[in-house]
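Below is one structure, written out as structure tokens, with a few remarks after it.
Below, read A as the first sequence line, B as the second, and so on, with proteins coming before strands; counting in each chain starts at 1. Note that these values count all heavy atoms, side chains included, but never hydrogens, waters or copies made by symmetry. Quick caveat, the model's predicted, so the values are computed rather than measured.
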Amino acid sequence: MARLLLRGFDIRKAYLDVAAQTQLIEALRPILKSAPLFRPTTPSGKEMSVRMTSAGAFGWVTDKAGYRYQAQHPKGMEWPAIPAPILEIWRNLASNEHDPDCCLINYYGEGARMGLHQDKDEADFSWPVLSVSLGDDALFRIGNTSRGGKTESIWLNSGDVVIMGGPARLTYHGVDRIRFGSSKLLPKGGRINLTLRVAN
DNA sequence: AAGTTACC
DNA sequence: TATT
């Protein structure tokens, strides 16, 4: 598997071909129908520009009460199961022993961004976070395990799989910009980012 | 504080 | 690893 060295952190990277990307989009269609995208509000009361939903036993949510994983969509229903082709990516690239219990689905429309943050709402940081990029190019930024200091940016393209484990697991990271319309994978444009995690 | 802005 |  390819390796990226960013800010001194060793990050694994793989690529899904266009047929695999298309299969994932097809698998996501019923998920998005039964668990619609919503726009979360942070505890500080600000709306995020990214829209999101989840699949799996747990989904990540935020609202005025805080950040957490919970078993229900904000509208009250259970999250749909993680589709088999998505689980297969985890089993092939992250672990064949322990499946993820959360697939966070983030949709970046035109102008959507995500500020630098750590993924730290999970119970056990020894499992990696696996990210799949689908659709438009995204300028991904990574910093350090604490705020401040230099950062480094790379463009992520459709089909890219990035696995952040080990020392990279708790690095600050975010998305500064989407090159809206740069990919034809999603007819209406934008980027879907899947993040697979062991949340609980 | 997964908001903003942006490496200074 | 947290009533941030």
message: Between A/Arg147 and B/dA2, is there a contact of a side-chain N or O with OP1 or OP2 at under 4.0 Å?
response: yes
Could you work out which one of [options] sits closest to the side chain of [X]?
{"X": "A/Pro43", "options": "B/dA2, B/dG3, B/dA1", "value": "B/dA1"}
{"X": "A/Lys120", "options": "B/dC7, B/dT4, C/dA2", "value": "C/dA2"}
{"X": "A/Arg113", "options": "B/dC8, B/dA2, B/dT4", "value": "B/dT4"}

message: Between A/Arg169 and A/Asp119 (side chain of the first, backbone of the second, donor and acceptor by atom type, cut-off under 3.5 Å), is there such a pair?
response: yes
Main-chain N/O of A/Gly135 paired with A/Ser158 side-chain donor or acceptor, under 3.5 Å: yes
Using whole Å, report how far [atom1] of [X] lies from [atom2] of [N].
{"X": "A/Arg68", "N": "B/dA1", "atom1": "CZ", "atom2": "P", "answer": "18 Å"}
{"X": "A/Lys150", "N": "B/dT5", "atom1": "NZ", "atom2": "C1'", "answer": "19 Å"}
{"X": "A/His117", "N": "C/dT4", "atom1": "NE2", "atom2": "C1'", "answer": "16 Å"}
{"X": "A/Met48", "N": "B/dG3", "atom1": "CE", "atom2": "C1'", "answer": "8 Å"}
{"X": "A/Tyr67", "N": "C/dT4", "atom1": "OH", "atom2": "C1'", "answer": "10 Å"}
{"X": "A/Asp119", "N": "C/dA2", "atom1": "CG", "atom2": "P", "answer": "18 Å"}
{"X": "A/Lys64", "N": "B/dA1", "atom1": "NZ", "atom2": "P", "answer": "17 Å"}
{"X": "A/Gln118", "N": "B/dA2", "atom1": "CD", "atom2": "C1'", "answer": "11 Å"}

Side chains of A/Ser133 and A/Arg191, donor plus acceptor under 3.5 Å: yes
field: Donor on one side chain, acceptor on other, A/Arg197 and A/Tyr69, under 3.5 Å
entry: yes
message: Please report the distance separating the P of B/dG3 from the corresponding atom of C/dA2, rounded so that it comes out in whole Å.
response: 23 Å
message: Any base atoms under 4.0 Å from A/Thr151, or only sugar-phosphate, or nothing? Heavy atoms, all strands.
response: base
query: By centroid distance (under 5.5 Å) and plane angle (under 30°), are A/Tyr172 and B/dA2 in a stacked arrangement?
result: no
task: Would you please indicate if the ring centroids of A/Trp60 and A/Tyr67 are separated by under 6.0 Å?
output: yes
message: If you assign each of A/Arg197 and A/Val175 to its closest nucleotide in DNA chain B, which residue comes earlier from the 5' end?
response: A/Arg197
